[in-house]
Amino acid sequence: MPTPIIGLTSYAGKNKAGHPIVALMNQYLTAISQAGGVPMLIPPGETSQAVTALLERLDGILLTGGGDIAIERFGGEPHPTVDGVDLERDAVEFALVQAAEKSGKPFLGICRGFQVVNVALGGTLYTHIQDQLPGAIKHDYDSDSQRQYLAHTIRMEKSSALAGILGESDLKVNSLHHQGAKDLAPAVKPAAYAPDGLVEGLEIPGHPFGMAVQWHPEWLLDQPVTRRLFGAFVEAAGKG
Ligand code: MN
């Protein structure tokens, strides 16, 4: 079987000289390489034709972390903390998820990617958990210094495919997000919950591998449970 090639969504920014760049934290690429895949960046701003061409050639899609989704995408409540909105990135990632959901192309969403999967398929988000989810615990640990801090537990939905892959019923995870799933998309089932009831894992029943997690497993690669997640994703991509 040829080595699976995994497309990873990336962000547009600027380097120190002010020149435009396309970038992604290397931890995501390491996670895919370590699991036996070849990582390849998908830039924001590509056309829907490009998305179609990418999906024909790539074996799997990793929807990565990043800024907030435009609230217009889901009729979200405006909030002053909404940050890092990139309409071109939203467009590429939504097109990828919608096409991958239909075609059965394996995909994994992480953090922002979890939120993209939910919203692209018709779900909504809390635009700031602390102000909108009654009884919310702290989810927005500092994203520069606490990437590996195990902030809260999650409880797996026992019958979920995600629980089967992770092989655990409870897990401690990092938490670097201020938004989260409010209403789940119709095609999506919850697979894990934080102690305050927030959905931290989701999956698409019947899909070869359509899953997303709200935490950041790419920073927890020393955990066997995390390596099982990336391993199962790359393995599913290899069968596509
Ligand atoms: Mn969390």
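Just so you know, ligand 1 is whichever comes first in the structure, and atom 1 is the first atom listed for that ligand. For clarity, every value in this text was computed on a predicted model and none was experimentally measured.
If you run side chain to side chain donor-acceptor pair (under 3.5 Å) between Gln214 and each of Glu200, Gln179, Gln115, only Gln115 comes through.
Asp59 places none of its side-chain heavy atoms less than 4.5 Å from the side chain of Pro106. Looking at Asp68 and Leu125, their side chains never come closer than 4.5 Å, going by heavy atoms from C-beta outward.
The aromatic ring centres of His79 and Tyr126 sit 6.0 Å or more apart.
Protein atoms that are N, O or S and lie under 2.8 Å from the Mn ion (ligand 1) are these: His139 ND1, His152 NE2, Ser175 OG, His177 NE2, Glu200 OE2.
Relative orientation of the His152 and His139 rings is perpendicular, given thresholds of 30° and 60° on the angle between their planes.
Enclosure of atom CZ in Arg155 is not indicated, since only 12 or fewer non-hydrogen atoms of other residues, nucleotides or ligands lie within 6.0 angstrom.
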